[in-house]
Amino acid sequence: MRAIVLMFDSLNRHVVPPYADADAPHAPLPNFMRLAARSVAFTNFYAGSMPCMPARRELHTGRPNFLHRSWGPLEPFDDSAPEMLGRNGVHTHLASDHVHYWEDGGATYHPRYTTWEFERGQEGDPWKGVVGSPDPSANVMLRSRAQDRVNRTHMSTEASHVQTRTVDAGLEFLRTNAEADRWMLQLELFDPHEPFFAAERFRQARGLDADASADWPAYRRVLESDDDVARTREEYLALVEMCDHSLGRVLDAMDEHQLWDDTMLIVHTDHGFLLGEHGWWAKSVMPWFNELVHLPMFLWDPRSGRRGEIDDRLAQTIDIPLTLLDFFGVDATADMLGHPLADQSPARESAIFGIHGGHVNVTDGRYVYMRSADSPSNRPLEEFTLMPTHMRAPFAVGELSAWTPAEPFGFTKGLRTICVETSAMWLNSWHHGTMLFDLETDPGQLEPIADDDVELRMAGLLVEAMRDADAPASQFARLGLPRNGAVTRSHLRAREHRDRARTVAEPMPRISELAASGHLTRPLAEILSDERTAAVLARHAPDLTRTEMVGLPPGASLLTLASRAVVTAEELRALDRDLAALDSAARPDRGMGAESER
């Protein structure tokens with residue numbers, strides 16, 4: 001018995017056969033078509049905890065974690081499916097280029113495998129050193145982009161591309177161990193995560209030139225032109241075509257070494273990536289629409305021999321580790337909430353998903369219910385951990401100065417954790433409101449509905465899932481839901497919030513349409529310190545005049561706030577009009593003064 005798990009990052013379901021939308025831009029992906037013919041394609045598969053490392057924590061623990069914790073490492077009390085397999089005589093091997101495994105917030109994952117190897121060069125991986133590039137004193141995003149430019153100079157050929165090298169490593173493991181038994185290979189590719197850096201032949205095939213400036217969109221509302229959006233989508237599709245080629249290499253190896261007879265194959269992703277849909281780029285800072293959470297997932301199980309079939313059961317990421325444990329005959333632990341997907345019994349009635357501090361969402365396969373914070377403060381919000389690190393740094397001294405010990409949760413093996421009060425910054429779901437969507441009539445989630453009966457049932461499913469996950473009391477309080485007792489009509493919010501949701505969802509004006517971009521890109525503190533501009537702000541966005549600057553990143557501007565849905569499109573247009581009018585009114589004065597001086 002052997003298993004191969006091929007995991008991509010940010011692979012959009014709607015561009016991959018057999019799920020691809022016929023009327024959407026797509027790429028010819030012959031190897032995904034080949035995979036679909038050799039496996040079962042799950043059509044109702046959802047993400048759980050997001051983004052990258054929270055999803056990978058689920059792949060170890062088989063339970064959601066976003067209700068208790070943001071991005072962070074495996075905890076001392078966490079079960080780890082790869083480690084459990086190892087204890088039961090299964091050699092597990094990780095071959096990956098996923099840079100987040102080697103940062104503070106991911107450093108406890110790879111040691112759970114029997115062996116592991118890492119290929120360097122993705123995203124802003126601090127790999128090749130060139131003094132001055134990046135500037136070590138710059139912010140993390142500027143450092144990442146500068147480092148990425150350095151890294152790319154060392155990957156000028158397809159053979160040297162980090163994706164190619166990672167697949168090479170995985171195939172070497174397959175060749176070496178093709179005759180061995182009881183192993184599991186996790187071949188994990190960072191692509192097609194941004195930046196969309198594909199080998200040149202895939203870019204040229206899509207008519208892309210040497211200019212790669214559109215391959216790394218920011219996490220915010222779309223402000224670019226339609227042409228710029230289209231180019232970024234083409235960069236993404238070029239990288240997806242390269243991923244398809246890598247998938248073909250794995251399928252070829254399975255053919256060559258005759259692995260189909262006794263080797264399970266799982267091909268999946270952690271989440272998707274918005275490419276202008278809903279007026280947004282990327283993930284995390286907006287509601288978790290289906291483009292982000294409704295995922296491609298393929299399973300070949302040699303025990304059943306099912307192939308070329310569709311499976312429409314509701315399933316999600318936490319089911320993958322349980323499927324692997326079941327395949328190797330290893331019992332799951334009581335703390336694991338997933339279900340093996342090998343048999344054809346119904347897996348679940350609902351699926352819960354989200355990000356720490358954002359909407360808490362649930363779907364039954366037809367309806368999606370996005371429950372927002374019940375107040376603008378998005379509080380109470382707490383982290384529960386024994387590993388206090390963020391993505392790239394430990395918790396700050398200030399964060400830990402007021403921690404309190406929490407009582408054990410049902411899954412912490414009797415251990416008390418550190419409880420730290422926190423804020424979600426740009427992830428405040430209150431701006432978007434609670435939303436309910438009917439995927440049968442509105443698969444694009446363009447128009448939230450108000451149906452009290454449906455919302456009551458979905459809110460009940462959400463509360464039940466939160467209780468099953470032993471969610472902290474603070475999450476129920478933040479969402480305005482009962483920790484104990486029944487959900488009643490007094491808890492419903494979708495009808496009340498629908499107008500807010502519609503307003504926030506309106507597309508932003510493009511940068512080229514704005515007349516006062518100079519003012520809109522000034523730090524908010526400067527706008528507030530100027531009587532004239534502060535008056536405009538008070539007229540159209542009065543809440544911002546009362547904003548505590550400590551809660552905003554340094555230099556945050558009105559355009560920054562609008563791009564994160566703190567300022568609506570209607571408010572931005574009004575601000576732009578009146579700020580531009582200030583400039584127009586000032587220009588004649590300057591001209592008259594100059595004339596009198598002459």
Does [X] pair with [Y] as a salt bridge, N-O distance under 4.0 Å?
X	Y	answer
Asp97	Arg165	no
Glu58	Arg63	no
Arg203	Asp211	no
Glu188	Arg56	yes
Arg249	Asp168	yes
Arg69	Asp78	no
Arg306	Glu309	yes
Asp319	Arg348	yes
Asp227	Arg231	no
Arg220	Glu224	yes
Asp311	Arg313	yes
Glu291	Arg13	no
Arg34	Asp255	yes
Arg392	Asp104	no

Please examine the side chains of [Y] and [X], heavy atoms only from C-beta on, and report whether any two atoms are closer than 4.5 Å.
X	Y	value
Met7	His98	no
His268	Leu59	yes
Met286	Leu292	yes
His245	Phe202	yes
Cys52	His193	yes

Do the ring planes of [X] and [Y] sit parallel (below 30°), tilted (30 to 60°) or perpendicular (above 60°)?
X	Y	result
His91	Phe173	tilted
His432	His359	tilted
Phe197	His161	parallel
His110	Trp116	perpendicular

Worksheet entry | Trp102/Phe118 under ring-ring contact (aromatic ring centres under 6.0 Å, His included): CA gap, chis, key distance, verdict | CA-CA 9 Å; Trp102 281 264; Phe118 175 45; 3.9 Å; yes

Assert yes or no for the condition that the ring centre distance of [X] to [Y] is strictly below 6.0 Å.
X	Y	answer
His356	Trp71	no
Phe196	Phe273	yes
His60	Tyr113	yes

Just by distance, with hydrogens left out, do [X] and [Y] show a side-chain donor and acceptor under 3.5 Å apart?
X	Y	result
Asp244	Asn31	yes
Ser225	Asp228	yes
Asp364	Tyr369	no
Gln163	Ser246	yes
Glu241	Tyr236	no
Glu123	Asn151	no

Does [Y] offer a backbone N or O that forms a donor-acceptor pair with the side chain of [X] under 3.5 Å?
X	Y	answer
Thr153	Val150	yes
Glu83	Ala81	no
Trp300	Trp260	yes
Thr269	Ser10	yes
Thr164	Ser160	no
Thr92	Thr114	yes

Item to complete: Might you work through the side chain to side chain donor-acceptor pair (under 3.5 Å) test for Gln204 and Asp209, ending with a clear yes or no?
Response: CA-CA 7 Å; Gln204 290 177 357; Asp209 57 30; over 6 Å; no

Worksheet item: Leu427 and Ile355: which non-hydrogen atoms are nearest, and at how many Å?
Response: CD1-CD1, 3.8 Å

Response to the item:
To the nearest 0.5 Å, atom OG of Ser49 lies from atom CG of Asp270 at 11.5 Å

Fill in: Gap between atom CE of Met84 and atom OG1 of Thr333 - 0.5 Å precision
5.5 Å

Worksheet item: Does atom CE of Met33 have more than 12 heavy-atom neighbours, drawn from other residues, nucleotides or ligands, at distances under 6.0 Å?
Response: no

Discussion item. For Phe298, run the ring-ring contact (aromatic ring centres under 6.0 Å, His included) check against Phe8, Phe42, Tyr19 and tell me which one passes.
Written reply: Tyr19

